[in-house]
Amino acid sequence: MTKRQFPHGRRLGRHDFSGDPVEIARQLIGATLLVDGVGGRIVEVEAYDQSEPGSHCYPGPTPRNLAMFGPPGHAYVYINYGIHFCLNFVCGKKGHGCGVLIRALEPTHNLKRIRERRGMDNDRLLCAGPGRVGQALGITMDHYGLALYQSPFSVYAPANPTEIEVITGPRIGLKKAADLPWRFGLAGSRYLSRKF
DNA sequence: AAGTAGATGTTCT
DNA sequence: GAACATCTACTTA
């Protein structure tokens with residue numbers, strides 16, 4: 001009998017997000033993210049923390065960033081350039097602002113729906129960038145603050161965490177704290193937003 | 001392949 | 001007003 005290759009490991013719970021955002025960002029590479037059953041494998045993320053000026057939570061709690069000061073394991077959604085809905089996983093401990101921006105997915109679940117939402121057939125570009133991920137998954141402000149371990153979200157650990165090669169680099173699009181190497185990606189993936 | 005401009009609206013100075 | 005954790009379409013090579 002042949003060994004069954006499962007697409008992913010166990011479902012992540014709230015405790016999986018309570019920790020250092022840089023460490024969690026690294027571990028999220030290769031995980032699977034679904035919203036209402038639509039999504040794919042996480043191939044690129046960035047970490048953000050209250051302690052550095054590149055982060056939205058650097059100034060402390062505001063109406064916009066409040067979710068990042070709430071419990072870990074919830075969604076922080078922001079609108080970028082007036083157009084794009086970008087999704088973050090809130091990490092750390094309640095009261096300390098930090099999170100992980102989901103920058104790119106390898107689409108694996110319900111490609112049909114993703115292509116519809118994105119209005120294109122080029123699989124490589126469906127989820128290659130935070131704005132594209134938001135559109136592909138149908139993210140809106142309705143998702144702000146929702147738990148990642150409950151419907152409509154589901155996040156699954158990688159099936160084979162030891163075989164995943166993670167590459168690191170500076171975060172994209174920042175003028176402040178642009179030197180921190182807090183961008184992480186799946187080595188060799190063709191679904192990255194940009195080369196490392 | 002690489003560069004530029006325009007879209008579009010909330011937040012910050 | 002300016003900046004902004006970006007994307008697309010269009011230009012130039």
Side-chain angles (χ1 to χ4, degrees), chain A residues 17 20-26 28-29 31 33 35 39-40 42-70 72 74-92 96-107 113-146 148 166-186 189-196:
Chain A
F17 301 94
D20 174 17
V22 176
E23 188 59 28
I24 291 172
R26 221 188 181 81
L28 280 172
I29 297 300
L33 164 63
V35 181
I42 297 173
V43 298
E44 182 182 339
V45 298
E46 285 175 356
Y48 288 89
D49 189 90
Q50 188 179 0
S51 62
E52 46 88 14
S55 169
H56 289 167
C57 45
Y58 185 63
T62 69
R64 177 206 203 189
N65 67 21
L66 203 55
M68 276 203 283
F69 291 90
H74 288 240
Y76 165 56
V77 179
Y78 72 94
I79 300 179
N80 195 341
Y81 291 91
I83 308 170
H84 304 109
F85 293 90
C86 299
L87 173 65
N88 293 255
F89 294 175
V90 175
C91 297
H96 177 87
C98 61
V100 174
L101 171 66
I102 308 304
R103 282 196 60 91
L105 306 178
E106 172 184 337
R113 191 91 180 81
I114 294 178
R115 292 192 189 106
E116 272 172 20
R117 284 174 172 157
R118 293 277 299 118
M120 65 159 65
D121 283 339
N122 184 342
D123 289 358
R124 194 179 66 79
L125 297 178
L126 288 178
C127 307
R132 291 163 171 164
V133 169
Q135 189 180 26
L137 301 186
I139 299 297
T140 69
M141 278 309 188
D142 292 346
H143 299 279
Y144 190 96
L146 295 188
L148 299 166
V166 177
I167 48 182
T168 300
R171 297 175 294 182
I172 290 185
L174 300 196
K175 298 218 172 121
K176 292 171 271 184
D179 50 317
L180 286 177
W182 284 7
R183 177 183 179 219
F184 302 97
L186 180 63
S189 172
R190 64 189 276 258
Y191 299 95
L192 300 173
S193 68
R194 292 169 57 169
K195 298 267 187 213
F196 274 71

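A note on names: the letters A, B, ... follow the listed sequences, proteins ahead of strands, and every chain is numbered from 1. Predicted, not measured: the structure shown is a model, and the values here were computed from it.
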Q. When you measure from the side chain of Glu44(A) to the backbone N and O of Leu105(A), does any donor-acceptor pair fall under 3.5 Å?
A. no
Q: By nearest nucleotide on DNA chain C, pick out whichever of Gln135(A) and Lys175(A) is the more 5' one.
A: Lys175(A)
Q.
Any side-chain to backbone donor/acceptor pair from His74(A) onto Gly145(A)? Under 3.5 Å, distance only.
A. yes
Q.
Taking the P atom in each of dA5(C) and dG3(B), what is the distance between them to the nearest angstrom?
A. 22 Å
Q) Could Arg183(A) and Phe196(A) be counted as a cation-pi pair, given that NZ or CZ must be under 6.0 Å from the ring centre and within 45° of the axis? A) yes
Q: Please answer whether the main-chain N or O of Leu126(A) pairs with a side-chain N or O of Arg118(A) as donor and acceptor at a distance below 3.5 Å.
A: yes
Q. Hey, does Arg64(A) reach any base, or is it just sugar-phosphate, or nothing, if we go heavy atoms under 4.0 Å?
A. sugar-phosphate
Q | All stems with DNA chain C, defined as three or more consecutive Watson-Crick or G-U pairs under 3.5 Å | A | B:1-7 with C:6-12, B:9-12 with C:1-4
Q: Just call it for Arg118(A): base, sugar-phosphate, or nothing, with non-hydrogen atoms closer than 4.0 Å on any strand.
A: sugar-phosphate
Q) What's the verdict on salt bridge (charged side-chain N to carboxylate O under 4.0 Å, His left out) for Glu46(A) and Arg171(A), showing C-alpha distance, side-chain angles and the deciding distance? A) CA-CA 7 Å; Glu46(A) 285 175 356; Arg171(A) 297 175 294 182; 5.4 Å; no
Q: Give the first and the last nucleotide of DNA chain C, reading 5' to 3', that has any atom under 4.0 Å from a heavy atom of chain A.
A: dC4(C) to dT8(C)
Q. Are Tyr48(A) and His56(A) close enough that their ring centres sit under 6.0 Å apart?
A. no
**Q.** Sugar-phosphate only, base, or nothing, as touched by Ile79(A) at under 4.0 Å among non-hydrogen atoms
**A.** nothing
Q: State whether the side chain of Gln135(A) and the backbone N or O of Arg132(A) hold a donor-acceptor pair below 3.5 Å, judged by distance alone.
A: no
Q: Decide side-chain contact (heavy atoms from CB on, under 4.5 Å) for Arg26(A) and Ile29(A); before the verdict, give the C-alpha distance in whole Å, the side-chain angles of both, and the deciding distance to 0.1 Å.
A: CA-CA 6 Å; Arg26(A) 221 188 181 81; Ile29(A) 297 300; 6.0 Å; no
Q) How far apart are the C-alpha atoms of Phe89(A) and Ile24(A), what are their side-chain angles, what is the distance that settles it, and do they pass the side-chain contact (heavy atoms from CB on, under 4.5 Å) test? A) CA-CA 10 Å; Phe89(A) 294 175; Ile24(A) 291 172; over 6 Å; no
Q. Are any of the side-chain heavy atoms of Trp182(A) and Asp49(A) separated by less than 4.5 Å?
A. yes
**Q.** Heavy-atom neighbours of Tyr144(A) OH exceed 12 at 6.0 Å
**A.** yes
Q) How would you give the extent of chain A contacts on DNA chain B, as first and last nucleotide 5' to 3' within a 4.0 Å heavy-atom cut-off? A) dA7(B) to dT11(B)
